[in-house]
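The structure appears right after this line, and notes come after that.
Heavy-atom basis, side chains included; hydrogens, waters and symmetry copies ignored.
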Amino acid sequence: MTEGRLGDMSNWSAPFRSGLTAASKPISATVTIPGSKSATNRALILAALATTPSRIRKPLSSRDTDLMVKGIQSLGCKIEQIKTDQGFDFQVIPGKLTGPTQIDVGNAGTVMRFLPPIAALATGLIHFDGDERSHQRPIGPVLSALEQLGVSVEHNNKYKLPITINGAGKIKGGTVEIDASASSQFVSALLLVAPATQEGITIKNIGPSLPSAPHIEMTIQMLEKFGATVQRTASSWSVKPCQLIGQDLVIEPDLSNAAPFMAAAMICGGSVKVSDWPLSTTQPGDQLRSIFTKMGAKVELNASGLTITGSGKIDGIDIDLGDVGELTPSIAAIASLATTPSALRGISHLRLHETDRLSALANEINNLGGSVTEGPGDLIIKPGKMNASQIFRSYEDHRMATAGAIIGLAVEGVIVENIETTRKTLSDFPGMWQGMLDG
């Protein structure tokens with residue numbers, strides 16, 4: 001396998017850039033991060049429910065967004081790709097939602113949780129299934145909420161995929177109680193469909209916690225762009241029925257996907273500029289600015305983007321990542337190379353993501369000779385010399401694969417299993433990674 005290239009089995013030799021070699025020169029690069037998956041898929045849902053067409057500019061092209069597009073199209077909405085100088089836009093023309101159809105959710109949380117409520121607005125049987133891992137991921141609170149709203153859902157009393165929605169063409173609405181402690185997407189799924197119901201929806205979270213709250217703020221902001229109004233308390237949200245108006249909007253770069261590229265400057269020294277970083281955003285990835293500053297990096301933000309500068313020395317960190325759990329794999333990878341211990345807390349919900357990320361991170365870093373102690377909802381990471389002795393497994397999880405790439409910068413010989421899983425949110429991570437290293 002060639003460094004930085006896909007092998008025949010898609011195992012990938014992570015480029016090594018630390019140590020006393022000619023390749024250890026500081027990084028100096030500018031990267032352009034593709035659009036946010038979370039924002040793209042929320043915009044697609046609302047554009048499909050709107051009364052007028054929408055233009056979604058600079059969307060993400062990835063497996064997850066492709067699955068969302070195909071799912072919405074199968075329900076009767078017209079979505080076209082319009083070529084532009086910078087890639088493409090989505091032109092979304094709403095249509096009457098109908099079945100029967102089958103929708104493949106892959107392993108995309110937004111697709112498996114956001115589309116079943118939309119399918120309830122269609123007429124006919126809508127069957128949902130996906131990758132093997134999707135059968136293990138929680139969607140029960142969404143299905144239970146739909147049943148509370150009078151929607152017929154077939155799930156063999158398992159409240160898991162595969163499922164069939166028997167759409168009546170409408171949802172009356174009302175008040176639902178859900179336990180959203182496993183995922184904020186349960187709340188977002190119901191918020192997104194609420195304007196299209198007859199009476200609106202009030203959602204009450206009866207769970208003990210609410211992870212990834214910034215993602216709910218992203219959903220609310222997107223709803224407001226399309227003309228809806230959301231009233232909220234600390235544990236409830238209400239949306240009245242309204243006609244959504246199609247929008248012409250630009251999707252922000254996916255800031256969470258910037259984490260590995262920012263990490264490279266911290267590990268190798270030098271600077272990486274992330275173009276078009278928004279000055280104000282609800283994205284959880286924006287918290288990387290303060291997190292990486294605490295870990296020893298210098299971060300500057302202006303109208304043209306964000307520049308991160310590192311020295312090659314990394315400080316450990318003690319931090320609660322409950323609101324920004326998706327950043328954990330990158331932060332854990334960086335912490336494994338720090339000079340002092342780290343504690344990453346408040347992340348028990350990551351056990352229910354694409355894989356059990358706490359167990360996966362602990363296993364793979366420890367397999368390299370690192371020191372990670374796994375708690376019920378935390379990771380304690382101590383400095384240690386690592387050596388590549390076996391393949392860094394990705395568990396078909398895109399963020400595990402990029403974590404392996406981060407560590408590979410400092411640990412020679414790391415081979416990341418199935419780098420193609422990064423296509424979930426980045427169409428060509430290996431090419432972007434090598435391009436950054438080449439300056």
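No hydrogens or angles considered: a donor-acceptor pair under 3.5 Å links the side chains of K273 and S304. If you check the side chains of Q243 and T51, you find no donor sitting under 3.5 Å from an acceptor. Side-chain contact, N302 with W277: no donor N or O sits under 3.5 Å from an acceptor N or O. Between the side chains of N107 and S134, no donor-acceptor pair is found at a separation under 3.5 Å. No donor-acceptor contact under 3.5 angstrom links the side chains of S212 and S184, judged on distance only. Between the side chains of S62 and T65, at least one donor N or O sits under 3.5 Å from an acceptor N or O. Defined by atom type and a distance below 3.5 Å, a donor-acceptor pair is missing between the side-chain atoms of Q283 and H215. A donor-acceptor contact under 3.5 angstrom links the side chains of T425 and H398, judged on distance only. Side-chain contact, D129 with H135: a donor N or O sits under 3.5 Å from an acceptor N or O.
H155 contributes a side-chain N or O that, together with a main-chain N or O of N157, makes up a donor-acceptor pair within less than 3.5 Å. No donor-acceptor distance shorter than 3.5 angstrom exists from the side chain of Q91 to the backbone of R55, with no hydrogens or angles considered. Side chain of S394 to main chain of E417: a donor-acceptor pair is present (N/O by atom type, distance under 3.5 Å, no hydrogens or angles). Panel note: side chain S183, backbone Q185; a donor-acceptor pair is recorded below 3.5 Å. Distance alone, capped at 3.5 Å, is enough to place a donor-acceptor pair between the T40 side chain and the L60 backbone. Side-chain N or O atoms of Q81 include none that pairs as donor or acceptor with a backbone N or O of F90 at under 3.5 Å. No donor-acceptor pair under 3.5 Å is formed between the side chain of N41 and the backbone N or O of T110. At distances below 3.5 Å, at least one donor-acceptor pair connects side-chain atoms of N366 with backbone N or O atoms of V372. With hydrogens and angles disregarded, a donor-acceptor distance shorter than 3.5 Å links the side chain of H127 to the backbone of I163. Judged by distance alone, with hydrogens and angles left aside, the side-chain atoms of R399 form no donor-acceptor pair with the main-chain N or O of T422 at under 3.5 Å.
Taking both residues in full, the closest heavy atoms of H349 and A182 are given as CB-O, 3.8 Å, listed atom of the first, atom of the second, then distance. Of all the heavy atoms in M68 and I45, the pair that sits closest is SD-CD1, 3.9 Å. The two residues A303 and L279 make their nearest non-hydrogen contact at N-CD2, 4.2 Å. For the residue pair V239 and A194, the shortest heavy atom distance occurs at CB-CB, 3.6 Å. Of all non-hydrogen atoms in V142 and P117, the two that sit nearest each other are CG1-CG, 3.9 Å. Of all heavy-atom pairs between C77 and V92, the closest is SG-CG1, 3.7 Å.
Within the 4.5 Å cutoff, the side chain of I331 has heavy atoms near those of the I291 side chain. For the pair I118/I72, no side-chain contact is recorded, criterion being any heavy-atom separation below 4.5 Å from C-beta on. Inter-residue side-chain proximity for K78 and Q73 is flagged as unmet; no heavy-atom pair is nearer than 4.5 Å. The side-chain heavy atoms of L249 and F226, taken from C-beta on, include a pair separated by under 4.5 Å.
Within the model, atoms CD1 of I251 and OG of S36 stand 7.0 Å from one another, a figure rounded to the nearest 0.5 Å. The structure places OG1 of T229 at 11.5 Å from CD1 of I220, a figure rounded to the nearest 0.5 Å. E374 contributes atom CD, which lies 6.0 Å from atom CG of L358 (distance to the nearest 0.5 angstrom). Going from atom CZ of R133 over to atom CZ of R137 covers 6.5 Å, rounded to the nearest 0.5 Å. Considering CH2 of W433 and OG1 of T402, their distance stands at 8.0 Å, rounded to 0.5 Å. The distance from the CG atom of D276 to the CG atom of L306 is 11.5 Å, given to the nearest 0.5 Å.
Heavy atoms of other residues, nucleotides or ligands lying less than 6.0 angstrom from CD of Q86 number 12 at most. The 12-atom threshold is not exceeded at CD of Q231, counting heavy atoms of other residues, nucleotides or ligands nearer than 6.0 Å.
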Exercise for review: Go through T307 and V272 one step at a time and tell me if the side-chain contact (heavy atoms from CB on, under 4.5 Å) criterion holds.
Suggested key: CA-CA 6 Å; T307 300; V272 170; over 6 Å; no
Practice item. Kindly determine whether I178 and I206 satisfy side-chain contact (heavy atoms from CB on, under 4.5 Å), including the steps that lead there. Key: CA-CA 6 Å; I178 64 169; I206 58 173; 5.9 Å; no
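Taking the charged nitrogens against the carboxylate oxygens, K424 and D64 do have a contact shorter than 4.0 Å, which makes a salt bridge.
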